[in-house]
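The sequence lines fix the lettering, A, B, ..., with proteins before strands; numbering per chain opens at 1.
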Number of protein chains: 2
Amino acid sequence: MTKWVYAFGQGKAEGAGHMRNLLGGKGANLAEMSSLGLPVPPGFTITTEVCNAFYANNHAWPDGLKAQVEEALAAMGKAAGKNFGDPENPLLVSVRSGARASMPGMMDTVLNLGMNMKTVAGLARLSGNPRFAWDSYRRFIQMFSDVVLNVDHGHFEEILDLAKEEKGVSLDTDLDAKDLEGIVAAYLAKVEEESGKPFPQDPFDQLWGAIGAVFGSWMNARAATYRRLHNIPESWGTAVTVQAMVFGNMGEDSATGVAFTRNPSTGEKMLFGEYMLNAQGEDVVAGIRTPQPLTERGRASGAEGAAMEKALPAVFGELVRATGLLESHYRDMQDIEFTVERGRFYMLQTRNGKRSTKSALKIAVDMAAEGLITRDEAIARIDPQSLDQLLHPTLDPTAPRENFTRGLAASPGAASGEVVFDPSEAERLAAAGRDVLLVRIETSPEDIHGMHAARGILTARGGMTSHAAVVARGMGRPCVSGAGALRIDEAAGTMSAGGKAIRAGEIITIDGSTGEVFRGRVPTIDPELSGDFATLMGWADASRKLTVRANAETPEDARVARSFGAEGIGLCRTEHMFFDAARILAVREMIVAENEKGRRAALAKILPMQRSDFIELFRIMAGLPVTIRLLDPPLHEFLPRTDAEIADVAKAAGVTVSRLKTRIDELHEFNPMLGHRGVRLGVTYPEIYEMQARAIFEAAIEADGGNGKPVTPEIMIPLVAMRGELDMMKRRIDQTARAIEKERGKTLTYLVGTMIELPRAALRAGDIAGTAEFFSFGTNDLTQTTYGISRDDSARFLEDYRKAGLIEVDPFVTLDVEGVGELVRIAAERGRAARPGLKLGICGEHGGDPASVRFCAEAGLDYVSCSPYRVPIARLAAAQAAIAGAARDRREDR
Amino acid sequence: MTKWVYAFGQGKAEGAGHMRNLLGGKGANLAEMSSLGLPVPPGFTITTEVCNAFYANNHAWPDGLKAQVEEALAAMGKAAGKNFGDPENPLLVSVRSGARASMPGMMDTVLNLGMNMKTVAGLARLSGNPRFAWDSYRRFIQMFSDVVLNVDHGHFEEILDLAKEEKGVSLDTDLDAKDLEGIVAAYLAKVEEESGKPFPQDPFDQLWGAIGAVFGSWMNARAATYRRLHNIPESWGTAVTVQAMVFGNMGEDSATGVAFTRNPSTGEKMLFGEYMLNAQGEDVVAGIRTPQPLTERGRASGAEGAAMEKALPAVFGELVRATGLLESHYRDMQDIEFTVERGRFYMLQTRNGKRSTKSALKIAVDMAAEGLITRDEAIARIDPQSLDQLLHPTLDPTAPRENFTRGLAASPGAASGEVVFDPSEAERLAAAGRDVLLVRIETSPEDIHGMHAARGILTARGGMTSHAAVVARGMGRPCVSGAGALRIDEAAGTMSAGGKAIRAGEIITIDGSTGEVFRGRVPTIDPELSGDFATLMGWADASRKLTVRANAETPEDARVARSFGAEGIGLCRTEHMFFDAARILAVREMIVAENEKGRRAALAKILPMQRSDFIELFRIMAGLPVTIRLLDPPLHEFLPRTDAEIADVAKAAGVTVSRLKTRIDELHEFNPMLGHRGVRLGVTYPEIYEMQARAIFEAAIEADGGNGKPVTPEIMIPLVAMRGELDMMKRRIDQTARAIEKERGKTLTYLVGTMIELPRAALRAGDIAGTAEFFSFGTNDLTQTTYGISRDDSARFLEDYRKAGLIEVDPFVTLDVEGVGELVRIAAERGRAARPGLKLGICGEHGGDPASVRFCAEAGLDYVSCSPYRVPIARLAAAQAAIAGAARDRREDR
């Protein structure tokens with residue numbers, strides 16, 4: 001006979017913690033605690049195999065189940081010293097689902113099962129609290145009817161409201177035992193009316209009904225959707241656990257509480273939590289009385305009443321023993337629920353405790369120091385994404401705030417400042433020492449100076465990878481993007497959302513980690529990056545294999561990147577340098593020039609400025625590798641848009657307004673993302689790339705870093721689709737290098753490589769690697785072209801995709817391993833086959849996303865490059881990937 | 001000793017026609033003719049191996065070459081009855097290059113080699129024509145100096161001009177022997193002055209100099225570029241052929257001429273060509289005398305003088321024998337050059353003759369009937385692309401014309417009409433029975449009605465695959481796109497190009513096959529599609545394996561497609577139906593609707609119209625498969641643009657102008673190509689696809705084609721990137737089908753498939769084929785995303801790419817086999833692995849391009865679908881691919 005039922009309790013169990021597949025998470029956990037000798041209320045788990053048999057056999061129970069359940073129930077009563085259905089000493093049970101993977105709230109639960117008109121009296125006697133007994137019965141009827149009998153819970157709420165109205169009270173707690181007895185009678189009548197049958201009084205009928213309903217809830221629509229979203233196969237099924245109820249409200253020798261084995265806010269090693277005498281869990285939630293601390297040391301300011309260590313010393317001893325045992329057994333900080341019924345201590349649940357990032361760091365470092373876990377395990381314990389909280393100022397959690405609107409959490413950190421709608425105005429005010437917050441419908445490359453000047457950026461449109469979001473993350477500026485409810489009336493100097501208005505000059509605060517926008521200034525807390533953070537990052541650096549570089553182009557970016565541990569620059573965009581107010585005029589002159597000669601004249605003005613940019617950058621990076629991408633965006637991005645601007649530019653550039661407008665028209669593109677940009681500019685206007693190569697080489701000689709040797713720049717050609725493009729650019733670059741070597745009498749060393757950011761480049765990587773000395777995967781554009789999705793336009797429909805369950809994560813945030821990832825793997829393989837040891841990196845936004853970093857490690861890349869503020873995240877993610885990879889290798893070796 | 005030299009002449013040869021690799025095309029051809037017993041002037045070929053040895057050994061000759069050349073030269077003199085360097089009876093020779101593949105004009109040639117102050121006198125005596133002798137010498141000095149001595153030919157032209165000026169004449173032919181003798185003296189002096197050495201008088205010095213120079217020209221920049229563009233390896237090298245010169249100007253028993261074995265204009269089987277007594281080839285070109293016909297029958301109207309069959313009957317007999325021999329030897333119509341020197345007949349060259357498409361068809365069909373070639377060979381002889389000439393009206397080649405401007409040959413055929421700038425005006429005038437030519441800066445989907453009404457379309461912007469070009473080809477309207485010099489001033493009602501202006505209402509003519517635009521009406525000739533065309537197409541249909549469908553959505557398109565032999569519709573776009581004047585209002589109502597209810601109300605108005613479209617289409621196609629693509633373009637394409645239009649639409653749609661403008665703003669996209677379109681519309685607004693599915697199914701039932709069974713539509717979902725999208729759409733479509741089956745009491749059969757037009761879809765094809773019942777490769781979009789190139793924006797830089805030698809053909813015209821093609825192969829393979837027998841087709845513009853059709857056949861696709869007017873081209877290309885495939889299979893079996 002198949003074993004369908006696994007019992008636990010009294011310090012032993014038929015199951016164990018590793019049997020999640022059979023017993024579900026909850027059942028396995030209870031079995032494990034019981035085996036550890038902990039006082040778990042006795043119970044049993046019906047296996048997931050029963051669930052599958054139930055569905056396979058048209059909702060019929062498999063042979064032998066009934067007998068096994070009855071046997072286990074009898075043993076459970078014996079262990080609890082109670083009897084199921086016994087009016088004198090009734091055993092009440094809970095019936096809960098428990099799948100292999102946690103599916104919180106997705107399936108049904110029934111509590112207090114076993115109550116009827118007889119046992120309610122017994123419970124009243126035993127507890128000395130008739131109100132509690134009748135209230136428990138009332139709740140049981142409501143829950144059972146809803147879950148098992150399909151009677152809408154609205155009916156019961158109606159009866160309850162009517163009773164309160166009649167009595168002239170407003171709180172449930174104002175009803176006494178007598179009132180509740182009357183309500184129970186009304187409930188029972190209602191159930192019979194709605195379901196056509198009396199409410200089952202036989203506890204066994206109740207039990208089988210509840211077990212059937214809980215198994216049945218595996219297939220409800222809510223659970224099915226959750227499974228689809230989380231890739232949980234239907235075939236896993238759920239287990240059902242039946243467990244004795246215990247009550248913390250049986251008198252002054254009863255209590256209920258929660259305990260953390262370490263402080264979840266600070267990570268300090270101490271028992272931390274609270275309890276309440278003569279109470280049930282829901283009383284704590286109801287907030288009628290204030291819970292008391294477990295220990296004197298853990299007493300929060302203002303908490304009253306005796307600490308548990310004083311009030312219930314014996315039971316407290318049991319708690320201490322249990323928590324110690326659990327922490328060393330699970331080797332992690334535990335979050336425990338317990339109940340004391342008439343002086344008897346019961347463990348209800350234990351799980352790894354949630355904690356703040358700061359606390360997580362301290363706990364991981366401490367536990368490694370205590371020898372409880374290894375350093376590798378310490379590294380694996382920290383969610384890299386969570387570090388983001390530490391690297392930016394955060395809102396003081398205790399400060400009051402007034403919500404204004406919300407958008408996407410586009411770039412983390414909190415910032416306050418005066419609302420300014422115009423980027424130039426923002427620059428002016430910031431120069432005068434004022435804190436400004438730039439608010440725009442959306443940003444464009446021309447707004448960079450204003451974004452740089454602002455403390456933070458708020459936009460009404462654009463997704464997580466819109467221009468505003470990408471640039472803000474790169475600069476480390478907090479940003480809330482795509483605040484859909486926000487209406488900006490720039491002319492009137494106001495913005496409004498949900499009927500509230502804010503004028504330019506008023507202070508607002510944004511939280512780029514949550515997407516919230518507040519009126520007024522909310523105080524912030526600055527980050528601290530020493531101590532445990534530094535220790536753990538040191539361990540991570542020792543473990544990881546991937547190098548971590550930063551995407552940086554300004555001296556400030558480069559300095560931040562180094563302070564966060566960047567080992568080079570993986571992407572120095574050169575176009576932002578073109579937008580500088582001092583240069584944009586020369587850039588525009590170049591664009592409107594009639595011929596190569598005119599362009600060369602304008603480029604000659606830009607050359608010394610570009611050169612000095614690179615000199616500074618090379619000096620800051622002090623010999624670390626620097627990858628410079630030649631001009632990428634289409635030229636029209638540099639041209640003015642409004643009539644007034646056009647008039648200004650025409651005057652300054654010495655051309656007529658009509659000539660300038662014609663040029664703007666000529667350069668207009670339907671799909672600029674797929675237009676005349678990247679290497680295509682280099683093909684049409686080779687003199688632009690030639691000037692940039694010259695600026696780089698001359699800077700490499702100047703910034704020799706004191707050792708007399710020029711630095712070794714890595715020159716990167718964007719948007720290559722075929723080898724011929726790269727060949728043509730490399731020839732020009734090489735010619736420029738030879739010319740400069742001749743002029744300066746120095747030898748230059750440099751690499752010429754390419755972005756792999758088009759599907760064709762990935763497929764032709766073998767060919768392209770014949771010329772390219774390195775590849776850098778531009779996964780932003782590669783995602784755009786592989787999916788055929790413009791990231792600037794995707795916000796409006798990707799949200800529909802998320803709602804429809806078609807995607808879980810934005811592919812611009814976490815790399816699409818199946819599609820884009822296959823192209824990365826193909827390119828890596830073909831590239832290295834053609835050029836062994838070819839250096840491979842990634843410089844898209846994904847370089848700072850932990851899941852994507854893991855993919856990069858698995859794909860064999862040499863480095864990832866990300867925004868300066870994400871460098872620590874990437875370092876930690878890289879360490880975790882290396883540790884997981886080593887573990888995988890060990891498994892495969894076995 | 002390696003054999004470096006292969007002699008030919010006197011009816012025998014050491015080489016043969018198959019030795020192209022060693023002897024080059026020219027050398028092998030001469031050897032072949034000589035072996036056939038034809039009277040080729042004697043000569044010898046120095047092998048390509050010498051070329052390689054020459055470069056490998058630092059421009060030194062390999063051992064033994066000198067002796068072999070001298071020996072061959074002596075034999076050659078003997079055969080010619082002359083002696084190299086003999087003042088009395090000099091042998092003059094030509095020195096020419098000849099590579100394995102034809103590289104016309106890329107390398108150097110020297111003629112009349114062997115002339116010096118002594119032999120010039122001999123030649124004067126022998127020819128009785130001192131002027132000819134001195135002129136030959138003069139030309140030799142100029143050519144030799146240019147090619148061998150690097151003396152710029154400008155010097156010689158200067159001397160010649162001076163001599164004419166002094167004599168007061170303007171033509172070279174006005175100079176007599178005396179004058180030319182003086183010029184020769186001046187030339188010789190100039191050579192010595194420029195090169196520092198006297199002009200070589202020793203014929204052997206001349207010979208080795210010329211051989212070295214011709215080998216040297218293999219590496220000149222022109223040849224290197226040509227090789228790169230045509231993938232000719234440098235290692236192939238060139239051969240050099242030295243051949244006795246013969247002269248047709250040695251008296252009235254000498255002549256020169258050309259002959260075709262069949263009429264190259266009509267294909268008629270007859271000797272066709274002309275000759276000139278006492279003349280050299282260049283005299284024919286100079287046009288001083290009119291050439292005479294070869295036969296009386298071939299006499300052109302107005303040609304004077306005796307036919308060769310009368311004037312030189314014996315030699316004519318030799319010509320007839322030679323041409324007959326050559327045509328049956330080469331099994332193709334030959335284009336022959338011959339010379340008669342003092343009654344002796346010489347064959348100089350034979351090659352397959354160029355011919356008109358009409359002639360090519362007749363020759364192929366006739367030769368197959370004669371048993372000279374097989375039907376497969378006949379099919380292979382026709383360039384599918386050339387059929388395009390036959391399918392459209394063409395300009396009468398004899399009609400006078402006035403050029404106005406030119407653009408790209410975007411859609412073939414010629415058309416004349418009044419210039420109209422506004423599409424609605426075009427529709428109005430056309431309805432009034434007038435021929436109009438729509439002229440636009442560029443077209444958009446809103447111009448469709450005007451494009452349809454026009455006889456032809458001319459645009460100032462846009463490439464071969466711009467909206468105008470694609471739509472025009474689909475409709476079979478001639479189109480010239482991207483006429484860069486054209487300036488349109490719509491307000492003033494004029495257009496201008498190159499300083500010439502044309503007003504609206506004036507007549508112009510466009511030739512969409514050449515890109516030319518003419519002022520006024522140029523008469524055209526209508527196509528004839530019976531006879532040889534029909535015969536050959538019948539043979540092609542019997543040979544091909546690929547099915548050929550058409551891209552068609554209007555009844556007119558569908559009828560044209562069937563008349564051209566389409567076997568179904570591979571792409572019926574549904575958006576063009578939305579632009580119809582009667583519907584656009586309801587479409588716009590749907591777009592501005594606030595919610596699903598409003599959208600459904602608008603869609604209900606569109607439903608009956610869509611349904612009747614499909615009924616008509618199904619009836620025309622009479623049971624042939626019809627693939628219908630659900631709505632693809634972003635919604636903003638349907639909205640108005642100008643303020644006036646916006647006001648009209650707002651009024652009609654019952655919304656405020658500001659509401660409409662807001663909606664237009666909301667729908668604006670930065671990169672519409674990568675935006676909210678295709679299946680993404682279906683995800684956001686499922687009710688749109690639901691309406692379309694309903695229209696299709698209801699039409700399928702109505703249009704049962706008389707057999708009582710509904711037709712089997714193929715419903716195609718565009719822009720799928722992941723299987724989930726397709727699953728969601730298929731669920732809706734299936735639900736709709738079930739509902740209609742219930743309503744109508746009929747059973748529906750249909751397929752649901754997808755476009756594969758994104759790299760991700762190609763990579764995930766295995767997954768997607770789990771749901772898709774067919775794949776149709778949308779290679780337009782797949783090319784855009786694989787390359788990251790917007791076809792609407794590509795014209796401006798692809799031209800630079802072509803000039804730089806980076807691409808040979810526009811990847812939107814001929815499928816990029818290496819990149820896009822790999823994705824097609826991957827998708828085909830993975831799709832069929834998941835669903836054996838999965839139906840695969842292509843419906844991009846490439847479906848009508850012969851090279852791309854060949855690729856589709858090789859990739860194992862089931863069908864291609866193209867514009868109706870390209871169906872015959874695809875049918876023929878498919879047959880050629882099948883024949884080539886079968887030949888490949890036979891070779892591999894061996």
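Residue with the most contacts toward chain B among A:E666, A:R723, A:Q784: A:E666 (heavy-atom pairs, distance under 4.5 Å). Ranked by non-hydrogen atom pairs under 4.5 Å with chain B, the options A:L798, A:L758, A:I826, A:T786 are led by A:T786. Between chain B and the residues A:E725, A:K803, A:M728, the largest count of heavy-atom pairs under 4.5 Å involves A:E725. When the candidates B:V820, B:L681, B:D816, B:L719 are compared by the number of heavy-atom contacts under 4.5 Å with chain A, B:D816 comes out ahead.
A salt bridge links A:R760 to B:E818: one of the charged nitrogens lies within less than 4.0 Å of a carboxylate oxygen. Using a cutoff of 4.0 Å between basic side-chain nitrogens and carboxylate oxygens, B:R830 and A:E822 are scored as salt-bridged.
Looking at A:R461, the atoms closer than 4.5 Å to chain B (heavy atoms on both sides) all sit in the side chain, from C-beta outward. With a threshold of 4.5 angstrom between heavy atoms, B:D781 does not approach chain A through any atom at all. Contact of A:R764 with chain B is made through the side chain alone, with heavy-atom distances under 4.5 Å. Interface remark: B:R677 contributes no atoms to any contact with chain A (heavy atom separation under 4.5 Å). With a 4.5 Å cut-off on non-hydrogen atoms, A:I807 touches chain B through its side chain but not through its backbone. Neither the backbone nor the side chain of A:V720 comes within less than 4.5 Å of any heavy atom of chain B.
Counting only heavy atoms from C-beta outward, the side chains of B:L823 and A:L763 approach each other to under 4.5 Å. Within the 4.5 Å cutoff, the side chain of B:T684 has heavy atoms near those of the A:D800 side chain. Side-chain atoms of B:F670 and A:E442, non-hydrogen and from C-beta on, do get closer than 4.5 Å to each other. Under the 4.5 Å side-chain criterion, counting only non-hydrogen atoms from C-beta, B:L806 is in contact with A:V683. For the pair A:I789/B:R680, a side-chain contact is recorded, criterion being any heavy-atom separation below 4.5 Å from C-beta on. Side chains of B:D793 and A:H676 form no contact here, defined as non-hydrogen atoms less than 4.5 Å apart. Using a 4.5 Å heavy-atom threshold, the side chains of A:N671 and B:P672 count as touching. A:M722 has its side chain within reach of B:Y801: a pair of non-hydrogen atoms, C-beta onward, lies under 4.5 Å apart.
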